[in-house]
Amino acid sequence: AKKNGRNRHFWFEASMESELRFRSELETGIRRGVATGEFVPYYEKQIDLATGDLVGFEMLARWNSPTLGVISPDLFIPIAEEIGVIAQLSESLIAKALIDAKTWDPQLTLSVNISPVQLRDPWFAQKLLKLLVEANFPPSRFEIEITESSLHENIGLVRSMITSLKNQGIRVSLDDFGTGYSSLSQLRSLPFDRIKIDRSFVTTLPGNKESATIVKSIAALGKGLGLPITVEGVENEEVLRELNRFGTFKVQGYLYGHPEPADRTAEELAQLNLL
Ligand code: C2E
Ligand code: CA
Ligand code: CA
Ligand code: CA
C-alpha cells in the first residue's frame, strides 16, 4: 500500500510536470507566433434576416501553429492575455483584417472581438483609430464586440472610451449577452449600438421552452431600447423558424457556413459579386 501511494504521488508529479511543460511550450509558441505572424483572421458571415443579404463578417482569430496545427482562440486568447501579448496580437490581426476587408464590397462591415485587457488601456481608442487611418478604412464599416464580463471594473473609463469611438463612427456591440451577471445595468449605463445574444440560448432553441422565453424577452428588450440584435449560433432551419416568430435580427452561424480564411472568403464574395 505504501509503495502504491508513492507511485500515485510520483504519477501526480509527473503529469503536473508535463502539464506545466506543455503550458510553457504554448507560451513560447504564442510569443514567437505573434512575432512571426502565425495568427490569422478567419471570417464568419453575418446575414440580415429582413433582406436575406450578407451584410458583413465577424473576424475570429486562429493560430496557424507550425507544430500544433490550427488552434482555437479559446485556447490561446486567455494565455495571450496573461503573458501580456494580447494587444499586439489583436492589433496585428486587425491590421490584416482591414487589408482583407478593403477588397470587399464597400457595403460590408467588419466586426472584431476586443479583450477586456485592451479595454483597460487608456490609449485603446487612439490605437484603434490609428489602425483605421493607416488602412484608410471607413470607421462606419467597423464594429467592435465587447463581452459583458469585461465590464466589471472601470465603467467610467470604458464609457468614455466607447463614447469617443462612437464619435468617430465606430459601432460597439455588447457580446455574449445574457451570460454575465449584470447585463441589464450595463445596457442602461453604456451607449451600445447592438446586442449579440449568446449562442448558448440559440443552439438549444428548438423544443426548449426556457431558451425560447429568454430569446423572446431579449428581442422585446432590444425593441424597447431601440437596440438591434444579432443572434449567433444559428445552426439549422429549425432555429431560424423559431427566431422568425420573435422578430427580425442579424444572424450568424453554421447554417451559413463555418468561419473561413481570407482567400476562401474572397472566393465566396467573388461568386456573390461582392468583391
Ligand atoms: P464569440 O465572439 O462568442 O464567437 C462565436 C464563436 O462561436 C466562434 O468560435 C464561432 O466560430 C463559433 N460559432 C459560430 N457559429 C456557430 C454555430 O452555428 N454553432 C456553434 N456551436 N458555434 C458557432 P471561435 O472562433 O472558436 O471563437 C471563440 C471565442 O474566442 C469568441 O467567441 C471570442 O470571444 C474569442 N475570440 C475570437 N477571436 C478573438 C480576437 O481576435 N480577440 C479576442 N479578444 N477574442 C477573440
Ligand atoms: Ca463575438
Ligand atoms: Ca458568444
Ligand atoms: Ca465569447
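All ligand and atom numbering here is 1-based and tracks the order in the structure.
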Glu145 N/O under 3.5 Å from ligand 1 N/O:
no
Taking the Ca ion (ligand 3) as the reference point, name the nearest N/O/S atom of Asp176.
OD1
For Pro73, take its heavy atoms, then give the atoms of ligand 1 lying under 4.0 Å from any of them.
24 (P), 25 (O), 26 (O), 27 (O), 28 (C), 30 (O), 36 (N), 37 (C)
Gln118-ligand 1 polar pair, N/O distance under 3.5 Å:
no
With a 4.0 Å cut-off on N to O distance, would you call Lys166 and Asp193 a salt bridge?
yes
Honestly, for Arg199 the part within reach of ligand 1 (heavy atoms, under 4.0 Å) is side chain
Counting heavy atoms only, which part of Asp198 comes closer than 4.0 Å to ligand 1: side chain, backbone, both or neither?
neither
Any carboxylate oxygen within less than 4.0 angstrom of a Lys/Arg side-chain nitrogen, looking at Glu27 and Arg23?
yes
Under a 4.0 Å threshold between the charged nitrogen and the carboxylate oxygen, would Glu58 count as salt-bridged to Lys250?
no
Taking the Ca ion (ligand 2) as the apex, OE1 on Glu145 and OE2 on Glu58 give an angle, to 10°, of 90°
Would you tell me which option among Met59, Arg62, Glu58 has the nearest heavy-atom contact to atom 25 (O) of ligand 1?
Arg62
Based purely on interatomic distance, does Ala61 place a nitrogen or oxygen under 3.5 Å from a nitrogen or oxygen of ligand 1?
yes
Hey, quick one: are Leu187 and Ile155 part of the same hydrophobic cluster, counting side-chain heavy atoms closer than 4.5 Å, chains of contacts allowed?
yes
Between Lys96 and Glu91, does any NZ, NE, NH1 or NH2 come within less than 4.0 Å of an OD or OE carboxylate oxygen?
no
Which atoms from ligand 1 have a heavy atom of Asp176 less than 4.0 Å away?
3 (O)
Does Gln252 come within less than 4.0 angstrom of ligand 1, counting non-hydrogen atoms of the residue?
no
Is there a polar contact, in the sense of an N or O pair closer than 3.5 Å, between Asn113 and ligand 1?
yes
Donor-acceptor contact present, side-chain Ser111 to main-chain Phe57, <3.5 Å
no
Could you see which bit of Glu44 sits under 4.0 Å from ligand 1, with heavy atoms only: side chain, backbone, both or neither?
side chain
Heavy atom of Ser90 under 4.0 Å from ligand 1?
no
Are the charged groups of Glu134 and Lys130 less than 4.0 angstrom apart, N to O?
yes
Under 3.0 Å: N/O/S of Ser173 next to the Ca ion (ligand 2):
no
Give the atom name of whichever N/O/S atom in Asp198 sits closest to the Ca ion (ligand 3).
OD1
In Glu232, the N/O/S atom nearest the Ca ion (ligand 3) carries the name OE2
Note: with side-chain heavy atoms under 4.5 Å as the link, the other cluster members for Tyr42 come out as Val40, Val70
Can you tell me if Asp175 has an N, O or S atom under 3.0 Å away from the Ca ion (ligand 3)?
no
Atoms in ligand 1 with a heavy atom of Gly253 nearer than 4.0 Å
15 (N), 18 (O)
